[in-house]
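To keep things clear, I will list the structure first and then write my remarks on it.
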Amino acid sequence: MAQKPSIPKGTRDFTPIEVAKRNYIFNTIRGAFETFGFQPIETPSFENSETLMGKYGDEGDRLIFKILNSGDYLSKANTEAYNTKDSNKLTSSISEKALRYDLTVPFARYVVQHQNEIEFPFKRYQIQPVWRADRPQKGRFREFYQCDADVVGSDSLWQEVEFIQLYDTVFKALKLEGVTIKINNRKILSGIAEVIGASNKLIDFTVALDKLDKIGEEKVKEEMLSKGISQDGISKLQPLFSLSGSFESQMESLRTILATSKDGLKGIEELAFINLAISELGLTTATLQLDVTLARGLNYYTGAIFEVSAPQEVKIGSIGGGGRYDDLTGIFGMKDMSGVGISFGLDRIYLVLEELNLFPETVNKSVEVLFINFGDKEALFSLKAIKVLREAGINAELYPEAAKMKKQMTHANRRNIPFVVLVGEEEITSSTYTLKDMTLGEQYKVSLQDLISKLK
RNA sequence: GUGGUUGUAGCUCAGUUGGUUAGAGCGCCUGAUUGUGGUUCAGGAGGUCGUCGGUUCGAGACCGAUCUUCCACCCCA
């Protein structure tokens, strides 16, 4: 115990207030998920390595936390890999399990494994922590929560429409204004790649394009060139860099650029469908924006791609993302099962709400009323009243010791308890309760009945 | 994984070119006030200067390693 205890990099302890605030977000999201008809599932915090490895690209594999085998793991280690210090090769022989990296792949595994019990289309939500061996930064942790909602077994674009509404519903409920829901379509991206003759370099192309707003047009072109995309092809992209204006006008330009790409035009049709529906239905707080440069990660998206940006004044990455994947369960041997889903980044939403001061005052409140303890006789009398209050659904407690009054009052004050009840000898004889309002500083004598109605 | 950055009291931070017992504000504790918190007043406690090692007569200041924080890249919620 000589050393100070500590926790691993990128992990956090949560104080009661922080937990209360996190629960506020969880409950809001969960409530919205349920009103949209999603059902909860949970999956293990660790999976078999082969379930996860290779599903997120090379970069993803590097960021997956591997769990060392139990027992004498070196005896089964791949000696060749060990001797040549080939970490990648060695890993699979000493580690068979890995911590969950996201909620989507475990969900795909779940669907395949439970396909005979599931009623499709299956709408599930899942709120659990995930782990990434990333280098932490602000809003980037090695352990964090994702809140996912996905639908499998329906190709319908109405699902995409509903997910946009779901985002809007959650951010409205959190009173978070100025959120932008960016949307794009994988088919448009592959269409553009096709048009510029870079179909085989789709990922490199999209990764570079994704950086447009960050590093600028010139650097993007440089990166594309260095990845082997032809100068000729890049010059065909010119109209793309100057794309701006409304959803509709951007679509018009895209139609021209993608005129020769069947795939690309299909993507435009899908976006047009979604946009039309959303403009009919309307959004309350969020804004839907077409962003052709949106190409975030996940190699498995095949249709819509979503990303949610926090209000501009908060400098933080995205607070949510998602998309359509036509064949996610294919990797586990179940063909033609289309899925689409979105994710909320709880920890980042937390930072945003904190920065904008959007947590309601009431999240701090633990107990409604504290009874001051004057001694055993008074405590027993108080507990009788507390019992009645609790039965009426009022959070109430007794200070456990007959400490100095000042100490008990200070305790109530620090814990943000809005009411204090004083029951001394005088109150017992007259069967009354002195109720003190801690915010106003006023107090009055009331009956048990009045106490209940005042506190309810 | 690469490059950089940060770390002094519970919190926010001072600490001059290395030089006696390391400071402030806020918070905390005690009392004024033995049935009244949040205000006021008077006292008081609290620091292995992230950790380990090195240079030096002397290190909170300089050097190295390590951990942590934040930032950029990578990638991403």
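Any value given below was found using the heavy atoms of this structure, including those in side chains, with hydrogens, waters and symmetry copies removed. Proteins get letters first, then strands, A, B, ... in listed order; numbering begins at 1 in each. No experiment lies behind these values; they were computed from the predicted model shown.
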- prompt: What interatomic distance, in whole Å, is found between P of rG3(B) and the corresponding atom of rU16(B)?
  reply: 31 Å
message: Heavy atoms only, 4.0 Å cut-off, all strands: where does Phe141(A) land among base, sugar-phosphate and nothing?
response: base
task: Select base, sugar-phosphate, or nothing to describe what Ser6(A) touches, counting heavy atoms under 4.0 Å on all strands.
output: nothing
field: Integer angstrom distance from the C1' of rU17(B) to that of rG10(B)
entry: 34 Å
query: On a whole-Å scale, what distance lies between the P atoms belonging to rG37(B) and rU33(B)?
result: 12 Å
message: Is it the case that the side chain of Asp347(A) and the backbone of Tyr145(A) share a donor-acceptor pair, with hydrogens and angles ignored and the cut-off at 3.5 Å?
response: yes
message: Given the structure, check if the side chain of Lys9(A) and the base of rU68(B) hold any donor-acceptor pair shorter than 3.5 Å.
response: no
statement: Gln137(A) has its side chain closest, among rA77(B), rU36(B), rC71(B), to rC71(B)
field: Residue among Phe36(A), Phe38(A), Phe26(A), Phe33(A) satisfying ring pair (Phe, Tyr, Trp, His ring centres under 6.0 Å) with Tyr125(A)
entry: Phe33(A)
field: Distance between C1' atoms of rG46(B) and rC41(B) (Å, rounded)
entry: 22 Å
Phosphate OP1/OP2 of rU36(B) contacted by Gln408(A) side-chain N/O (<4.0 Å): no
- request: Could you check which nucleotide pairs with rU66(B) in any of the strands shown, counting Watson-Crick or G-U wobble with both distances under 3.5 Å?
  value: rG50(B)
field: Backbone of Thr284(A) reached by a side-chain donor or acceptor of Asp168(A) within 3.5 Å
entry: yes
- line: By nearest-nucleotide position on RNA chain B, the 5'-leaning member of Gly60(A) and Ala133(A) is Ala133(A)
- request: Please assess Phe171(A) against Phe344(A) for the test ring pair (Phe, Tyr, Trp, His ring centres under 6.0 Å), listing each intermediate value before the final yes or no.
  value: CA-CA 10 Å; Phe171(A) 294 123; Phe344(A) 290 84; 5.7 Å; yes
- prompt: Whole-Å distance between rG1(B) P and Arg62(A) CZ?
  reply: 7 Å
message: Using atom P in both nucleotides, what's the gap between rG23(B) and rU69(B) to the nearest angstrom?
response: 31 Å
field: For atom NZ of Lys211(A) and atom C1' of rC76(B), their distance in whole Å
entry: 13 Å
- prompt: Base, sugar-phosphate, or nothing for Gly375(A), non-hydrogen atoms under 4.0 angstrom?
  reply: nothing
message: Please give the distance between the C1' atoms of rA42(B) and rU5(B) as a whole number of Å.
response: 45 Å
query: Leu370(A) CG to rU36(B) C1': how many Å, rounded?
result: 12 Å
message: My understanding is that a pair needs two contacts under 3.5 Å, Watson-Crick or G-U wobble. By that rule, which nucleotide pairs with rG25(B)?
response: rC11(B)
- request: If the plane angle is over 60° it's perpendicular, under 30° parallel, otherwise tilted; pick one for Tyr56(A) and Tyr101(A).
  value: tilted
- prompt: Met438(A) side chain: which of rG37(B), rU69(B), rC73(B) is closest?
  reply: rG37(B)
query: In whole angstroms, how far is the P atom of rC76(B) from the CG atom of Leu351(A)?
result: 20 Å
- request: Could you say whether the aromatic ring of Phe374(A) and the base of rG35(B) stack, counting only centre distances under 5.5 Å and plane angles under 30°?
  value: no
query: Among Arg132(A), Arg12(A), Lys9(A), whose side-chain contact (heavy atoms from CB on, under 4.5 Å) with Phe141(A) holds?
result: Arg12(A)
query: NA contact type, Ser343(A), heavy-atom cut-off 4.0 Å: base, sugar-phosphate, or nothing?
result: nothing
query: If you take all heavy atoms of Leu189(A) and Val292(A), which pair is closest and at what distance?
result: CD2-O, 3.4 Å
Gap in Å between the two P atoms, one belonging to rC67(B) and one to rU12(B), rounded: 23 Å
- line: On a heavy-atom basis, the closest approach of Val170(A) and Ala32(A) is CG2-CB, 3.5 Å
task: Provide, to the nearest angstrom, the distance between the CG atom belonging to Leu440(A) and the P atom belonging to rG38(B).
output: 17 Å
statement: Closest of rA77(B), rG35(B), rC75(B) to the Val207(A) side chain is rC75(B)
message: For rG27(B) and Arg414(A) - does any side-chain N or O of the residue sit under 4.0 Å from the phosphate oxygens OP1/OP2?
response: no
field: Glu354(A) vs Lys21(A), salt bridge (charged side-chain N to carboxylate O under 4.0 Å, His left out): CA-CA, chis, key distance, verdict
entry: CA-CA 9 Å; Glu354(A) 191 69 276; Lys21(A) 289 177 174 175; 3.2 Å; yes
query: To the side chain of Leu422(A), which of rU36(B), rA77(B), rG31(B) is closest?
result: rU36(B)
- request: On RNA chain B, check which nucleotide each of Gly320(A) and Lys138(A) is closest to and give me the residue with the more 5' one.
  value: Lys138(A)
task: For Ile196(A) and Ser230(A), work out which heavy atoms get closest and say how close.
output: O-OG, 4.4 Å
field: Given rC73(B), rU36(B), rC76(B), the nucleotide with the shortest approach to the side chain of Met405(A)
entry: rU36(B)
query: Where along residues 441-451 of chain A does a heavy atom come under 4.0 Å from RNA chain B, residue by residue in number order?
result: Gly441(A), Gln443(A)
field: Any donor-acceptor N/O pair under 3.5 Å between rG38(B) base and Asn413(A) side chain
entry: no
field: Spacing of the P atoms in rC13(B) and rG7(B) (rounded, Å)
entry: 10 Å
task: Give the nucleotide from the list rU2(B), rG35(B), rC75(B) with an atom nearest to the side chain of Glu427(A).
output: rG35(B)
query: Looking at rG37(B), rA77(B), rC74(B), which one has an atom nearest to any side-chain atom of Glu59(A)?
result: rC74(B)
- prompt: Donor-acceptor pair under 3.5 Å: do we get one between Arg140(A)'s side chain and the base of rC70(B)?
  reply: no
statement: Between Thr302(A) and Asn185(A) the two heavy atoms that sit nearest each other are O-OD1, 4.2 Å
message: I'd like to know if Arg135(A) reaches the base of rG3(B) with its side chain, counting only an N/O donor and acceptor under 3.5 Å.
response: yes
- request: Round to the nearest Å and state the distance from Phe171(A) atom CZ to rA77(B) atom P.
  value: 14 Å
Side-chain donor/acceptor contact of Lys407(A) with base of rG37(B) under 3.5 Å: no
query: In the strands shown, is rG37(B) matched to any nucleotide by a Watson-Crick or G-U wobble pair with both distances under 3.5 Å, and which?
result: none
- request: Can you tell me the distance, in whole Å, between the NZ atom of Lys404(A) and the P atom of rG37(B)?
  value: 12 Å
- request: Starting from C1' on rC76(B), measure out to OH on Tyr101(A) and report it in whole angstrom.
  value: 6 Å
